[in-house]
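Before any comments, here is the structure.
Throughout, protein chains are lettered first and strands after them, A, B, ... in sequence-line order, and every chain is numbered starting at 1. The structure presented is a predicted model; accordingly, all values stated were derived computationally and were not measured.
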There are 2 protein chains.
Amino acid sequence: MPKPHTARGVEPGPAPPSPVALPDLSTVWLRTFLHVARHGSFTVAARELGWTQSAVSRQVSALEAALGGAPLFDRLPRGVRPTAEGRALLPHAEEVLARLHRAAGELAALRDGTGGPLRIGAFATADAGLVPRALARFRDRHPGVVLTHEEGRTPALLSRLTEGGLDLAVVSTTGGALPDGAHDFHHLLDETLYVALPAGHPLAAEPELRLPRLAAEDWITGSPHIEGSLLRLALRHGFRPRVAHVVAEWTAKQGYVAAGLGIALIPQLAAESARPDITLVPLRDDSAPAREVYAATARRRAAPSAATAFLAALRHAAAGL
Amino acid sequence: MPKPHTARGVEPGPAPPSPVALPDLSTVWLRTFLHVARHGSFTVAARELGWTQSAVSRQVSALEAALGGAPLFDRLPRGVRPTAEGRALLPHAEEVLARLHRAAGELAALRDGTGGPLRIGAFATADAGLVPRALARFRDRHPGVVLTHEEGRTPALLSRLTEGGLDLAVVSTTGGALPDGAHDFHHLLDETLYVALPAGHPLAAEPELRLPRLAAEDWITGSPHIEGSLLRLALRHGFRPRVAHVVAEWTAKQGYVAAGLGIALIPQLAAESARPDITLVPLRDDSAPAREVYAATARRRAAPSAATAFLAALRHAAAGL
DNA sequence: GCGCGGTATGCGGTTTCGGCATGGCAGGCA
DNA sequence: TGCCTGCCATGCCGAAACCGCATACCGCGC
């Protein structure tokens, strides 16, 4: 069966473009290659790199073999010079090594906390003062770290930690169901509670208040957590607070209090964002504090060391309260 | 001796930026790293890469060690997920491997002559027809090759070859001092000589001419090579040509001939660029041909395979003369 | 409590790698 | 012309790296 005649020119046509495999090679070979190219000599490159000439010779051979077998250098009697292949490889080798150098630098910065991304989350009232102050301090000390921040409720934040979307979260508890085995909790502070009164309220001048004196007041409640806390505390003192309004948003709740529609309990962290025409009086209570605030990290995940540094900034901010 | 008191903040300040060393690693590790990151599993990556799970585990460990010791993955009960370091390394690893892939592709193209740079040189009259025709043919068959071209005299071209500035040169000889040990010469053609006469010259109708019939003519001579050749030939026939004008530039020399100021010898390669108002008559001579034309390469240097392909194109063009 | 899916690790054989010494080649100088 | 020198390649050997195999270990879910 005769093969079909194909016109074949004098010179070989372009070879069929074979799929180019990714070469397996060592970065050491590339570095050696660059030194050899720079000096035009195996011997000099070997001296410079602290190797013998034979090692350099073998490394270049290995690189040539890994790259398809074409020589990268012409071996001349007085040294070597790059072939066309060698000249073509030169910029790639430089780029690859530079890129690896950059990568190593970024990883080092990441490791010692001086750079890289850091993703933190916090619940809303922590963002009123605690977290911003920690952020400011941290940003001064670690200018290279790129911080991203998100707000959320504690359960959502903990999920984000386990799924890997956050590195560190500022969470709170109103009871103590927190330790769950999947997270590490670092205690930041125990919040005390304040009573928010309209400026002209008869009790506004008191230095502190105990709950029984507030049994007859109208109450503004907000989020379920605060309401739960208020309810539990009040019931412990034998009365059921009369809830006049349920207002979730903290700014709105302030407005209701300022308008004299009732009084509210607010946690310490939210206290500093109170408007001037309401008065905050510390609530003295012998039972457990209303909330505990923690910084949480995922237990099975290695936290970036920037997270550790940020935790320190959080502690500092918490200590300043 | 008390140490000077230095204010030390609560959190550790940024560590001193240590000089980052270039990591020594294998590209295999990087590829494995990418597969692991993509699948979130050592086992799956191992299957995909045709290795065992233990090999993948060790490769990742080796990469982590090479990059400073920080883990690149969090080992979770159901697989692994990249740490902050791993996420930071990801784009670099991809870039490095892509770059190596590109480099391998370029080298492959260079090796089979379908790409890469090719630097050729030629003497002036070769550029009148021979080289441009070879170039056109070559460019059609090897569109990926980036050709650069320079013109020069034979000695300069040979120097450029040895010093590595050219890959292939079209050179000529007017005697035979060429084989010098440092170059390989590939014979292209033996040039015959033509006599250039003004259109109305009495001898212009002859089918061919022998030198003795031209002993009484005025001569226009150009480059030293042609002059040498003419002189040698004429002296061999017992007369010394009367040189009326010395004009180096070929276009100008044509003008002198056309104006009837004399006749000239021109080599075959320059014949086709003659203006229509002069007549070229082949010079019949039993002595050696005026010039031999070769393609030369540097002996101790590996010529790009595109050079071989171009040599074939040159042979084809030479055969067509 | 036990099996299951996944990673880490000790062990042995093979391969790679670097140093040492030697060989080969080309150029320069006497 | 012939020796000497400078440079790269290579055979040999000991050490280290690397892979596969088998196994230990650890959470999780049934």
- Query: Does the side chain of B:Leu90 come within less than 4.5 Å of B:Leu34's, by heavy atoms?
  - Reply: yes
- Query: Any side-chain heavy-atom pair from A:Val131 and A:His149 closer than 4.5 angstrom?
  - Reply: yes
- Message: Side chains of B:Leu161 and B:Arg301, heavy atoms from C-beta outward: is any pair under 4.5 Å?
- Response: no
- Query: Between D:dC18 atom P and A:Asp24 atom CG, what is the distance in whole Å?
  - Reply: 13 Å
- If you round to the nearest 0.5 Å, how far is CG of A:Leu314 from CG of A:Leu188? 5.5 Å
- Message: Do B:Trp29 and A:Thr27 make a side-chain contact, defined as non-hydrogen atoms from C-beta onward lying under 4.5 Å apart?
- Response: no
- Item | Validation row: A:Phe138, A:Leu118 side chains within 4.5 angstrom (heavy atoms) | yes
- Tell me, do A:His35 and A:Arg38 make a side-chain contact under 4.5 Å, heavy atoms counted? yes
- Output the residues of residues 58-87 of chain B in contact with DNA chain D, where contact means a heavy atom of the residue under 4.0 Å from an atom of the strand; sort by number or write none. B:Arg58, B:Gln59, B:Pro77
- Message: Counting only heavy atoms and a strict 4.0 angstrom limit, can you tell me which residues of residues 36-55 of chain B come near DNA chain C?
- Response: B:Ser41, B:Phe42, B:Thr43, B:Gln53, B:Ser54
- Charged N to carboxylate O below 4.0 Å: is that the case for A:Glu150 and A:Arg160? yes
- Atom-to-atom span, CZ of A:Arg31 to P of C:dG18 - whole angstrom: 11 Å
